[in-house]
2 protein chains.
Amino acid sequence: MTDRAVTRRQRAPRGEGDKLRNQILDAAEKLLVELGSDEAVSVRAIAESVGVTPPSIYRHFEDKDELLYEVCERRFADFNEAMESADVPGDPVAAMRAMGVAYLRFALGHPEHYRVLMMTARERDIKREDSQGKLAFDHLVDATQRCIDAGLCRSDDAVRMAVALWSGVHGLCSLLITARGFPWPAPPEQLAEALLDVQLNGLLKPA
Amino acid sequence: MTDRAVTRRQRAPRGEGDKLRNQILDAAEKLLVELGSDEAVSVRAIAESVGVTPPSIYRHFEDKDELLYEVCERRFADFNEAMESADVPGDPVAAMRAMGVAYLRFALGHPEHYRVLMMTARERDIKREDSQGKLAFDHLVDATQRCIDAGLCRSDDAVRMAVALWSGVHGLCSLLITARGFPWPAPPEQLAEALLDVQLNGLLKPA
DNA sequence: TGTACATCAGTGAACGCGCGTTCACTGATGTAC
DNA sequence: TGTACATCAGTGAACGCGCGTTCACTGATGTAC
């Protein structure tokens, strides 16, 4: 295989080790989305798709788990941005609804990331309290607290209310992702609207 | 290994092929619960734990997927029984609440089964419309319809309302199962009560 | 400016593994005559 | 009652696979003198 020698990757100059690192993350993300599950993505396939040998991966990531976690965490930063821009000041109820819709859009737009990060338990994740997922939840608690402060809610426990909201939206997203064969009575966005109607009616004081 | 010949399993008489079949299901279930995921359970481990060689499995099940699916489906029959006994006639609102609690109890009591059946997408499942999961959903729709018939609900779309309820309870269950490291503000049953308060307040007409 | 040297990103080859599944078979159980 | 035979549950051995990871290495890039 003299081809090998010819195709051999140009080694990155000193300062630019991050270039390959990012290429690895990009390739891993692409494979994750194509293959639909983190277990279907192999280190070997990632290496091949970058044009590098498998051991190179280990110069940049401790192991496969860390690599895939970082792939998702990176995309979840976008998720948090989407949540933040949904969370407009002013009407706190409208903000909560907008956040719910943004959540659904993100989850259904990136179902594989969502699955890996929010529907898969791994030992490592349990240790990370600073994950993007936690950040997103904090936003939700803030928005709920604003509703409480405006005197709009039945309860004054922002955390529990946020858990209820999160449960509903997460539940809908994960069911839509998992049970694709289920005879859903309406398209996702409509189901989300109906769900949010229920949740908000339940959280807020009757008009 | 003359030991092998000594330990060799007594072959089942003609009519009793189901005996081994059930032993296989039992062993697979035990392993599933111990190991916590369907991928961690191997056909070889199941065979060994029954005291049989791996190929024997294939006399009783088409492949691994079918075996594990049946393990869960079998347990989900219990789930449906629990849902049915929760669904007492009389007060339809109380019935819905009781079904929600029964759902949570089952999911948290059998998290591995729940994960395999309700949190994992597999090609095969999509084809099965007669699964126990679908049956459980139908119960929920029935209970919701009774609330509607009693003139208690804001909406008259039982299916959409049931989807909203299911989303909430499933969401809470799956979050509790997946995010075990999350700083939950209360024990599961209390979170469920709070969630059901929200959901029912949201579904029902204000008093 | 030129040469010897250190650095370290990426390589090639292999490790050791467990997996799901197939195949031709064995031999106890039951049946026919 | 006794013998030849069919059945078929379970076996033993192997197939072929892809996996994550480790290891000693190579050789271009950059640095010191």
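Applying the salt bridge (charged side-chain N to carboxylate O under 4.0 Å, His left out) test to A/R160 and every residue at least two apart in sequence or in another chain returns A/D157. The ring pair (Phe, Tyr, Trp, His ring centres under 6.0 Å) search around B/H139 returns none, not counting sequence neighbours. Residues that satisfy the salt bridge (charged side-chain N to carboxylate O under 4.0 Å, His left out) test with A/R59, not counting sequence neighbours, are absent from this structure. Partners of B/D156 under the salt bridge (charged side-chain N to carboxylate O under 4.0 Å, His left out) rule, at least two apart in sequence or in another chain, do not exist in this structure. Partners of B/R97 under the salt bridge (charged side-chain N to carboxylate O under 4.0 Å, His left out) rule, at least two apart in sequence or in another chain, are B/E193, B/D197. Every residue was checked against the ring pair (Phe, Tyr, Trp, His ring centres under 6.0 Å) condition with A/F61, not counting sequence neighbours, and none meets it. The side-chain hydrogen bond (donor to acceptor under 3.5 Å, both in side chains) search around A/R75 returns A/E29, A/D78, not counting sequence neighbours.
Side-chain nitrogen and oxygen atoms of A/T53 include at least one within less than 4.0 Å of the OP1 or OP2 phosphate oxygen of C/dT11. For the pair B/H60 and D/dG10, the criterion of a side-chain N or O lying under 4.0 Å from OP1 or OP2 is met.
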Stepwise, does the salt bridge (Lys or Arg N to Asp or Glu O under 4.0 Å) test hold for B/E112 with B/K30? CA-CA 10 Å; B/E112 296 81 11; B/K30 194 157 167 255; over 6 Å; no
Heteroatom pairs (N/O) under 3.5 angstrom, protein to nucleotides 19-23 of chain D:
residue: D/dC19; atom: OP1; partner: A/S42; partner atom: OG; Å: 2.9
residue: D/dG20; atom: OP1; partner: A/V43; partner atom: N; Å: 3.4
residue: D/dG20; atom: OP1; partner: A/K64; partner atom: NZ; Å: 3.0
residue: D/dG20; atom: OP2; partner: A/V43; partner atom: N; Å: 3.0
residue: D/dG20; atom: N7; partner: A/R44; partner atom: NH1; Å: 2.2
residue: D/dG20; atom: O6; partner: A/R44; partner atom: NH1; Å: 3.0
residue: D/dG20; atom: O6; partner: A/R44; partner atom: NH2; Å: 3.1
residue: D/dT21; atom: OP2; partner: A/Y58; partner atom: OH; Å: 2.5
residue: D/dT21; atom: OP2; partner: A/K64; partner atom: N; Å: 3.2
residue: D/dT21; atom: O5'; partner: A/Y58; partner atom: OH; Å: 3.3

Bracket notation of DNA chain D in which parentheses pair within the strand, [ ] cross earlier pairs, and | pairs with another strand (Watson-Crick or G-U, under 3.5 Å): .||||||||||||||||||||||||||||||||
